[in-house]
Structures are given as structure tokens and as C-alpha cells.
Amino acid sequence: MTSAELSDVEKKSLEEIPHPALPEGSSIYGGTKVFPDLQAEDGETYFTLVHGIAHESSVSFVAVLQATRALRKGFETAMYFYGPGSLNCLATRGFPTTGTSAFPGEHNINDQLKTFMAEGGKVYCCRFGLSLHGAREEDLMEGVIPTHPLDVQDALIYYARKGAIINSTYQL
């Protein structure tokens, strides 16, 4: 492998501090879990609202991972995607064809939502959120439940009255 020719100043800068400071595999963070690994008690519910765009930040993906974990802990679990978050539920994402990942991880959210639904989680998606971004209802992933714009608030009230743990994520 050829490397770029470096000036004396570039070499000096590069050699001031050894890189990497630690070899690969070195622990730099502790592993102590502070809180107990709680499981759902009978009838407990977990509800997540997602208003974040796929791949614009980790907000949406982390919300799906958290909901999946809650489901596996025994919570009745549902997710509600609205606003730009509705784009996370599209089966038509990909390039150059639908379902093809243009970069590694492009379909992480789709794949995790499929896992979430296959394991018994419910996914709701706001029709108005779809329309704001030119997406069509028929573009939704199989199993995603389309909802009316007024359902966002009523879903929140419904799950709050059930005593759900509510996780609301928001990103512009």
C-alpha cells in the first residue's frame, strides 16, 4: 500500500502522540450495570412515539431497539411513528432499487421493525406524516398499521390510561 508523502511538519504532528494510544480490544469503559434488569409485571405496557428521520440521527433506531428490548422483557409494546418518523416505516426505501442498501446499515430500522413485529410488537404510522413527505400508504412495510392524524394524541391518552411506560423521541 502506498501512503501519501508527508511534509516534515505533518510527520512531526503525526508522531507527537502515538496512535492508537490503546490496542484494539482495550477496555475504556466499565461494564457495571447500575439498575436491576427489570422484567414486565402482569399487564404492563410500553409505548414509544417516534418523530425522527431514519439515518438523520440514531434517535429512531435506538427507539426501535429499546422497544424491542421492552417487548422481550414481557411488556405489551407498541410504537407510533408520526411526522417525519413515518418515513421509518417505508418498505420502498433503498437504492438503486427498493430493499437494496446503498450503504451498510441502510435498512437497519426496517430489519429491526420486522423483528419487532414478528416478536409481537405493534407498529402504527400516521397517514398525515406519510403525506407530508410524499409517501404513500401502500409504501408501508407489511404489518404496519396506518392511523389517522388525530390518533397521535388519542394513542398517547390510551396508553397513558393503561399505565404504560411512555418513551417519546423527537428529532428535527
Side-chain angles (χ1 to χ4, degrees), residues 28-29 31 33-40 44-172:
I28 59 173
Y29 301 105
K33 188 173 179 325
V34 176
F35 295 97
D37 187 14
L38 300 171
Q39 303 298 307
E44 284 191 309
T45 306
Y46 186 93
F47 183 60
T48 298
L49 292 159
V50 179
H51 189 280
I53 303 169
H55 311 299
E56 295 296 320
S57 76
S58 62
V59 170
S60 298
F61 187 56
V62 170
V64 179
L65 292 174
Q66 288 177 329
T68 303
R69 185 161 188 251
L71 184 66
R72 291 174 179 169
K73 286 173 166 284
F75 289 88
E76 173 195 326
T77 308
M79 300 189 73
Y80 198 114
F81 292 84
Y82 69 109
S86 63
L87 299 176
N88 290 285
C89 298
L90 297 178
T92 55
R93 292 173 48 249
F95 185 84
T97 61
T98 59
T100 302
S101 294
F103 56 89
E106 181 179 355
H107 287 90
N108 282 352
I109 289 175
N110 295 75
D111 294 341
Q112 192 60 42
L113 281 173
K114 287 176 190 172
T115 297
F116 177 74
M117 290 186 286
E119 293 182 16
K122 287 185 181 177
V123 176
Y124 301 99
C125 183
C126 179
R127 289 176 169 122
F128 185 64
L130 292 170
S131 74
L132 287 173
H133 305 289
R136 304 170 309 162
E137 190 170 323
E138 58 264 31
D139 296 334
L140 288 174
M141 295 173 58
E142 185 176 348
V144 173
I145 303 162
T147 56
H148 191 278
L150 297 178
D151 281 329
V152 176
Q153 184 179 47
D154 289 320
L156 187 56
I157 294 167
Y158 172 80
Y159 280 99
R161 286 186 177 169
K162 286 181 72 141
I165 295 167
I166 297 174
N167 177 27
S168 183
T169 63
Y170 199 92
Q171 177 251 331
L172 293 176

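Atom set for the values below is all heavy atoms of this structure, side chains included, hydrogens, waters and symmetry mates excluded. In what follows, residues are counted from 1 in the order of the sequence shown.
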Does T68 reach the main-chain N or O of V64 with its side chain, forming a donor-acceptor pair under 3.5 Å? yes
Which residue pairs pass the ring pair (Phe, Tyr, Trp, His ring centres under 6.0 Å) test with at least one member in residues 82-118, sequence neighbours excluded? H51-Y82, H55-F103
Please check if the side chain of H148 supplies one atom and the backbone of L150 the other of a donor-acceptor pair under 3.5 Å. yes
For E138, I'd like to know if atom CD has over 12 heavy atoms of other residues, nucleotides or ligands within 6.0 Å. yes
In this structure, are over 12 heavy atoms from other groups packed under 6.0 Å from Q39 atom CD? yes
Side-chain donor or acceptor of T77 paired with backbone N/O of F75 under 3.5 Å: yes
Check whether any side-chain N or O of N88 sits under 3.5 Å from a backbone N or O of G52 as a donor-acceptor pair, and report yes or no. yes
Would you check if L140 and L130 make a side-chain contact, meaning some heavy-atom pair closer than 4.5 Å? yes
Between P84 and I53, the two heavy atoms sitting closest are CB-CG1, 3.3 Å
Which atoms form the tightest heavy-atom contact between E137 and P146, and what is the distance? OE2-CG, 3.2 Å
Looking at V152, is its backbone amide N or carbonyl O close enough to the side chain of Y80 to form a donor-acceptor pair, meaning the two atoms are under 3.5 Å apart? yes
How long is the gap from CG on L113 to CE on M141, to the nearest 0.5 Å? 5.0 Å
Distance from S58 atom OG to I109 atom CD1, nearest 0.5 Å? 9.5 Å
Interatomic distance, OG1@T98 vs CG@D139, rounded to 0.5 Å, equals 9.5 Å
Gap between atom CG of D111 and atom CZ of F61 - 0.5 Å precision: 8.5 Å
Worked check of side-chain hydrogen bond (donor to acceptor under 3.5 Å, both in side chains) between T48 and Q66: CA-CA 9 Å; T48 298; Q66 288 177 329; over 6 Å; no
Y46 side chain reached by L71 side chain, heavy atoms, under 4.5 Å: no
Between E106 and R93, is there a side-chain N and carboxylate O pair less than 4.0 Å apart? no
Spatial distance of atom CD1 (I145) from atom SG (C126) [nearest 0.5 Å]: 13.5 Å
Could you tell me whether the side chain of K122 reaches within less than 4.5 Å of the side chain of F47, counting heavy atoms only? no
As an exercise, state the distance from CZ of F81 to CG of L87, rounded to the nearest 0.5 Å. 11.0 Å
Please list, chain by chain and in numerical order, all residues satisfying salt bridge (charged side-chain N to carboxylate O under 4.0 Å, His left out) with K73, sequence neighbours excluded. D37
Can you check whether Y124 reaches C89 side chain to side chain, under 4.5 Å on heavy atoms? no
